[in-house]
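One structure is given here, and the rest of the page talks about it.
Since this is a predicted model, take the numbers as computed values, not measurements.
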Amino acid sequence: MSEWWHDDVVAQGKLPLLILFGTFVLTFLVTRAITRLIRAGRGPFRNVTHNGMHVHHSVPGIALLVIGAFVAVGAQTTAVNCVAAALVGVGTSLVLDEFALILHLSDVYWAAEGRTSVEMVSLAAAC
């Protein structure tokens, strides 16, 4: 197993891509679970608001995407590239989870149109 890991992942420079994919999928699953708990009124989670305005999770997602992109462009080591990959994976997941909201310019997260977000995340994961 360690030979495969080193020969096929690390030596081939695919570790950042694997980290990006893992954080993308994990963030989507965790985000969906948390939003369901918020909607059900269970757990410690609550909607985030600022001055009475709901802050959708695409907002921090965009910030993480931008930071991750800048870090990736300036990365000179594998470790920094892996950090950038994690930031991009998390940010992309948060943004695509609200793709339908951005597309419709309306909060359709729990409506039938909100399924577009799940389809976009599935398409991105498949790619």
In terms of hydrophobic clusters joined by side-chain contacts under 4.5 Å, are [X] and [Y] together?
{"X": "Leu26", "Y": "Leu37", "value": "yes"}
{"X": "Leu94", "Y": "Leu123", "value": "no"}
{"X": "Met120", "Y": "Val118", "value": "yes"}
{"X": "Phe28", "Y": "Phe21", "value": "yes"}
{"X": "Leu103", "Y": "Val121", "value": "yes"}

Practice task
State, to 0.1 Å, how close Ala84 and Gly68 come at their nearest heavy-atom pair, and which atoms those are.
Solution key: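 Smallest interatomic distance, heavy atoms only, reads CB-O, 3.5 Å.
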
Practice task
Can you see which heavy atom on Val88 is nearest to which on Ala69, and at what distance?
Solution key: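 Heavy atoms only, the tightest pair is CG2-N, 4.0 Å.
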
[atom1]/[X] to [atom2]/[Y] distance, rounded to the nearest 0.5 angstrom?
{"X": "Leu64", "Y": "Thr23", "atom1": "CG", "atom2": "OG1", "value": "10.0 Å"}
{"X": "Ile102", "Y": "Thr116", "atom1": "CD1", "atom2": "OG1", "value": "12.0 Å"}
{"X": "Glu98", "Y": "Ile62", "atom1": "CD", "atom2": "CD1", "value": "9.5 Å"}
{"X": "Leu96", "Y": "Thr31", "atom1": "CG", "atom2": "OG1", "value": "11.5 Å"}
{"X": "Ser117", "Y": "Asp97", "atom1": "OG", "atom2": "CG", "value": "6.0 Å"}

Taking [Y]'s backbone N and O only, do any of them form a donor-acceptor pair with [X]'s side chain (distance below 3.5 Å, no angle check)?
{"X": "Ser58", "Y": "Val95", "result": "no"}
{"X": "Thr27", "Y": "Phe24", "result": "no"}
{"X": "Thr49", "Y": "His54", "result": "no"}

Practice task
Sort out for me which residue in Leu87, Val90, Thr92 forms a side-chain contact (heavy atoms from CB on, under 4.5 Å) with Leu65.
Solution key: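 For Leu65, the side-chain contact (heavy atoms from CB on, under 4.5 Å) test succeeds with only one of Leu87, Val90, Thr92, which is Thr92.
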
Handout entry: His50 atom NE2: more than 12 heavy-atom contacts under 6.0 Å
Key = no

Practice task
Might you confirm whether atom CZ of Arg42 has over 12 heavy atoms from other residues, nucleotides or ligands at distances under 6.0 Å?
Solution key: no

Exercise for the section: Could you walk me through whether Ser93 and Arg32 pass the side-chain contact (heavy atoms from CB on, under 4.5 Å) test, one step at a time? Expected result: CA-CA 10 Å; Ser93 186; Arg32 280 286 160 156; over 6 Å; no

Handout entry: Centroid-centroid under 6.0 Å between His57 and Tyr109 rings
Key =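 His57 vs Tyr109: aromatic centres under 6.0 Å.
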
Practice task
Applying side-chain contact (heavy atoms from CB on, under 4.5 Å), run through Arg36 and Phe45 and close with a yes or a no.
Solution key: CA-CA 10 Å; Arg36 287 196 180 276; Phe45 309 107; over 6 Å; no

Exercise for the section: Mind running side-chain contact (heavy atoms from CB on, under 4.5 Å) on Leu101 and His56 for me, showing each step along the way? Expected result: CA-CA 9 Å; Leu101 180 142; His56 290 272; 3.2 Å; yes

